[in-house]
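Below: one structure, written as structure tokens.
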Amino acid sequence: MKNLPIPDASLSVVMPVYNEEKTICEIINLVLARPEVGELLIIDDASTDTSWEQLQKFKDDPRVKLLKQEVNHGKGAAITRGFAEATGDYVIIQDADFEYDPEDYPLVIQPLVNGKADAVYGARFMNSPGQVRYFRHEMGNKFLTFLSNLFSDIHLSDMETCYKAFRREVIQNLILTSERFGIEVELTAKLARSRELRIWEVPISYNPRRYDEGKKIGWKDGVAALWHIIRFNCFSSDKKSFRRPWSEVLKKPSAKLD
């Protein structure tokens, strides 16, 4: 089967921002240059630098929606707010730095457009070319992915990747509660829990930034992820995970959920 054409303006991009004044304007321009992008939802999570002031340069662009958290809650809280506001056919998460390249959007959302997937993970470690990565950081990611796979019973190669894309009605049917980096574990656990959703992986490029360039995730978040893996895979119920039965949601691919 040939790939179907990706419709222009069909993608909602959710971008959490916290103290990204050095990169925010350039990454926004890269996102808006993509023809498949119909809207960019930017959630400033109470930045203490000039990020919010920088964002005002885009306030008159009809594709850009600026949202501000008055109190810093974390990446998960910002992403969840963006998901709720999304209106495109497809939704993807984009960090506000240069680790992930918006030129990979077509690779990530193509399985959604083809009707083969309900969620797609852009995997950083599937033999894709790129800058040499931190060994311990990558091994930590792989260890957490292994534990996530063990508990969720799906076989991913990169659970912690930023590039996760979804059919909009799928992501808006998840009940998400994680406020920090536990959102990656929670998303994976609840997608896997459905047993009805088709989850794909595709290789993407990856350009890891150094800790002196502002990389925010650390060992404490890794330790917290261990608890989140157990919590969301072992102690969540369908009632706490989904708003509606999947049989109902998947019958209505264009219906926005309340």
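Fair warning: this is a prediction, and the values are worked out from it, not measured in the lab. Only heavy atoms go into these numbers, but all of them, side chains included; no hydrogens, no water, no symmetry mates. Each residue takes its place number in the sequence, starting with 1.
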For this session: Considering only NZ, NE, NH1 and NH2 on the basic side and carboxylate oxygens on the acidic side, decide whether Arg167 and Asp89 come within less than 4.0 Å.
Result: no

Problem set entry | Pair Asp95 + Lys75, salt bridge at N-O below 4.0 Å | yes

Problem set entry | Any donor-acceptor N/O pair, Tyr163 side chain to Asp101 backbone, under 3.5 Å | yes

Exercise. Would you say Arg198's side chain and Gly115's backbone share a donor-acceptor pair under 3.5 angstrom?
Worked result: yes

For this session: Using a cut-off of 6.0 Å, state whether more than 12 heavy atoms not belonging to Lys68 lie near its atom NZ.
Result: yes

For this session: Apply salt bridge (Lys or Arg N to Asp or Glu O under 4.0 Å) to Asp153 and Arg195, showing your working.
Result: CA-CA 10 Å; Asp153 195 31; Arg195 296 304 186 203; 3.7 Å; yes

For the residue pair [X] and [Y], establish whether any side-chain heavy-atom pair is separated by less than 4.5 Å.
| X | Y | answer |
| --- | --- | --- |
| Glu26 | Phe98 | yes |
| Phe58 | Gln56 | no |
| Gln54 | Ser51 | no |
| Arg124 | Glu160 | yes |

Exercise. Between Trp246 and Phe242, what is the ring plane arrangement, given parallel below 30°, perpendicular above 60°, and tilted in between?
Worked result: perpendicular

For this session: On the 0 to 90° scale, with breaks at 30° and 60°, tag the Tyr100-Tyr206 ring pair as parallel, tilted or perpendicular.
Result: tilted

Problem set entry | Sequence-distant partners of Tyr121, ring-ring contact (aromatic ring centres under 6.0 Å, His included), two or more places apart | none

Exercise. Are Leu107 and Tyr105 connected in a single hydrophobic cluster, I mean Ile/Leu/Val/Met/Phe/Trp/Tyr linked by side-chain heavy atoms less than 4.5 Å apart?
Worked result: no

Exercise. Given the rule that I, L, V, M, F, W and Y join up when any side-chain heavy atoms are under 4.5 Å apart, are Val185 and Ile175 in one cluster?
Worked result: no

For this session: Sort out for me which residue in Glu39, Arg63, Lys65 forms a side chain to side chain donor-acceptor pair (under 3.5 Å) with Ser12.
Result: Glu39

